[in-house]
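Notes follow the structure.
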Number of protein chains: 2
Amino acid sequence: MDVQRLELLRELAERHSVTAVARATHRTPSAVSQQLKVLEREAGLPLTERSGRGLVLTDAGRALARSATDVAVALERATAVWDEFRNRVTGDVSLVTFPTAGQMLLPGVLQQLAEHAGLVVKCTDMDPELSDFPALTSDFDIVLAHSMRGQVPWGGRGLTVVPLMTEPLDVGLPTNHRLASRASVGAADVVGETWIGVPDGYPFERIVHEIEQQGGGRVHVSQRFADMRLVEAFIMAGLGIALVPRYTSGGGQPGRLVLKPLRGVDAERQIVALMRPDRAERLAVRTVIDALRTRAARVQAEHTS
Amino acid sequence: MDVQRLELLRELAERHSVTAVARATHRTPSAVSQQLKVLEREAGLPLTERSGRGLVLTDAGRALARSATDVAVALERATAVWDEFRNRVTGDVSLVTFPTAGQMLLPGVLQQLAEHAGLVVKCTDMDPELSDFPALTSDFDIVLAHSMRGQVPWGGRGLTVVPLMTEPLDVGLPTNHRLASRASVGAADVVGETWIGVPDGYPFERIVHEIEQQGGGRVHVSQRFADMRLVEAFIMAGLGIALVPRYTSGGGQPGRLVLKPLRGVDAERQIVALMRPDRAERLAVRTVIDALRTRAARVQAEHTS
DNA sequence: ACGTCCATGTAGCAAAACTACAGGGTGGGT
DNA sequence: ACCCACCCTGTAGTTTTGCTACATGGACGT
């Protein structure tokens with residue numbers, strides 16, 4: 001049995017289309033189709049079924065794809081072994097981040113990684129609301145994702161999850177706001193305010209609901225933005241208040257925006273790295289992950305002191 | 001990185017010779033040599049070193065070979081998955097045994113396995129004194145081996161060990177022996193006797209030493225045989241007494257040989273199946289192992305009742 | 001009904017892996 | 001000390017394998 005073919009099956013399980021697999025593996029669809037056919041002939045039972053214009057895996061195909069992951073992991077681990085022997089981190093690592101995490105972590109990480117001459121890290125950013133984090137792992141080695149505490153929407157898919165940090169979400173206020181002198185604010189203090197929100201499906205959303213429940217009222221959301229820079233600009237202009245991740249804020253002019261911890265509400269987001277388990281084994285990837293973790297720890301330490 | 005090449009490296013680690021690897025994998029030595037060279041070039045560091053007329057692995061080579069095992073295990077597990085889907089046990093399984101275990105277990109096992117039409121079990125026997133059990137796992141899927149309790153000469157090599165049964169070793173006496181009417185015998189009873197032994201290095205040897213220590217004397221070993229049939233013939237002829245595995249004895253004429261448990265001496269042998277871990281994953285192999293275990297359990301149960 | 005998208009055949013080509021054979025080095029035997 | 005046997009490794013040539021390019025046929029949406 002051939003590993004390359006198994007790999008194709010696994011890609012098919014993730015991408016649901018021969019053409020997509022072909023694109024991802026730099027082949028023509030015909031080549032992929034032929035190899036899958038060979039695999040089926042070897043297996044002696046159908047692994048795929050046509051479903052409309054695409055095709056889906058049979059139960060057997062899915063089972064085989066699952067075990068193909070273990071093979072891939074073992075293989076990557078083997079190549080990592082010899083990378084360790086050479087003691088030189090080499091290769092390309094692709095990474096997607098949502099903007100705030102990238103701003104907070106990536107510059108420091110890349111500076112730290114400059115010591116590895118052969119390591120090339122290619123970073124991209126992507127709006128979190130547009131992106132299905134788990135799905136991105138097909139195309140990127142490392143996916144920086146965020147979720148609320150306890151909420152783990154990427155479990156069960158067999159992805160490797162590395163927690164990087166927990167970031168508190170504060171209430172951002174203009175300096176001339178009536179609450180700006182407080183040390184912290186409660187749900188009841190802010191429930192009546194005009195809010196700047198985030199698009200639907202965003203993790204912040206849930207906290208806003210919690211504030212409504214605890215504060216006993218309805219939050220009025222005047223605008224919805226994905227970009228934090230924009231949110232902060234609106235706050236500073238006195239057009240509303242918003243939830244702002246504590247470590248990420250501060251692009252704006254100092255002295256025009258203040259952050260107040262939110263009492264009694266579980267307002268944190270978890271920042272994690274998501275990876276396909278085989279990719280997580282690569283030495284280059286592990287090196288980047290290590291850098292991310294130390295950088296995240298440093299950011300957190302700087303803010304607590 | 002290619003799995004086939006990794007596999008060759010692993011075979012080389014076991015067989016210590018390109019020619020042997022070539023034989024085992026049905027290739028010419030030249031082909032093996034070329035592939036190993038490619039692997040080295042990919043790795044970027046030497047994996048083998050010439051040592052006299054043969055060649056040995058470097059540290060890096062050994063490390064890589066070790067992780068190649070994990071790859072092989074994952075791969076075999078994958079093929080097992082789809083064998084399970086087909087729900088038909090197929091393929092060849094090769095097995096070596098030492099004579100007594102084979103006599104005791106194999107006929108029943110093969111009868112039980114007859115229900116699997118596509119399963120071909122090829123059995124061979126081999127004198128245990130001549131054979132290095134762990135080394136045999138390179139050439140056979142299943143190696144039936146024995147050892148004394150606690151003694152595990154095949155640990156650390158990364159082999160899969162499946163315990164099948166523990167068989168007591170009794171003292172075999174001719175029916176007209178002065179101890180033949182006893183229910184059991186102690187070390188002091190038998191230490192002065194003339195013994196039929198087994199060749200050096202045999203596991204039984206250690207027990208004889210223990211008898212000497214407990215009985216306080218020297219055991220006189222008149223003959224040394226590997227074949228139990230021969231040992232029993234000598235016992236029945238009154239030429240000596242010997243340690244006889246309890247479940248295996250009885251080829252001879254009934255009524256001319258009796259077995260007596262040995263009191264106070266740890267006289268047992270452990271019968272185990274030894275396998276290379278990747279081979280242990282194969283469905284056909286697992287099926288044979290299951291049959292061996294149930295058969296062994298039955299033999300043990302028949303004798304205790 | 002037409003165009004588009006997708007999977008999959010066929011033919012031809014390029015790359016990879018193997019065999020056959022020869023050469024060079026090492027160790028055991030006489 | 002010499003020779004022979006053994007083992008690894010090159011080179012040349014062949015076979016096998018996997019890919020591209022192009023064409024075909026079915027399914028969906030407009």
**Request:** If the plane angle is over 60° it's perpendicular, under 30° parallel, otherwise tilted; pick one for B:H146 and B:F133.
**Result:** perpendicular

**Item:** Whole-Å gap separating P (D:dT17) and CG (A:L39)
**Value:**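 So the two atoms are 15 Å apart, to the nearest Å.
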
**Asked** Could you run down nucleotides 6-20 of chain C 5' to 3' and tag each one B, S or - for protein heavy-atom contact under 4.0 Å?
**Response** SSBBB------SBBB

**Item:** A:T58-A:E49 side chain donor-acceptor pair, cut-off 3.5 Å
**Value:** no

**Message:** Do the side chains of A:E84 and A:R286 get close enough for a salt bridge, i.e. N-O under 4.0 angstrom?
**Reply:**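 The answer is yes: the pair qualifies as a salt bridge.
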
**Request:** For DNA chain D, determine which residues of residues 60-69 of chain B have any heavy atom closer than 4.0 angstrom to one of its atoms, and list them numerically.
**Result:** none

**Complete:** Hits for ring-ring contact (aromatic ring centres under 6.0 Å, His included) against A:F140, two or more places apart or cross-chain, chain-then-number order -> none

**Asked** Any chance CZ of B:R86 has more than 12 other-residue heavy atoms, nucleotides or ligands included, within less than 6.0 Å?
**Response** yes

**Asked** Minimum heavy-atom separation for B:L113 to B:V121, with atom names?
**Response** CD1-CG2, 4.0 Å

**Asked** Between CH2 of B:W82 and CG of A:L39, what distance do you get to the nearest 0.5 Å?
**Response**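 CG of A:L39 is found 5.5 Å from CH2 of B:W82.
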
**Request:** May I ask you to test the A:I142-A:I289 pair for a side-chain heavy-atom distance under 4.5 Å?
**Result:** yes

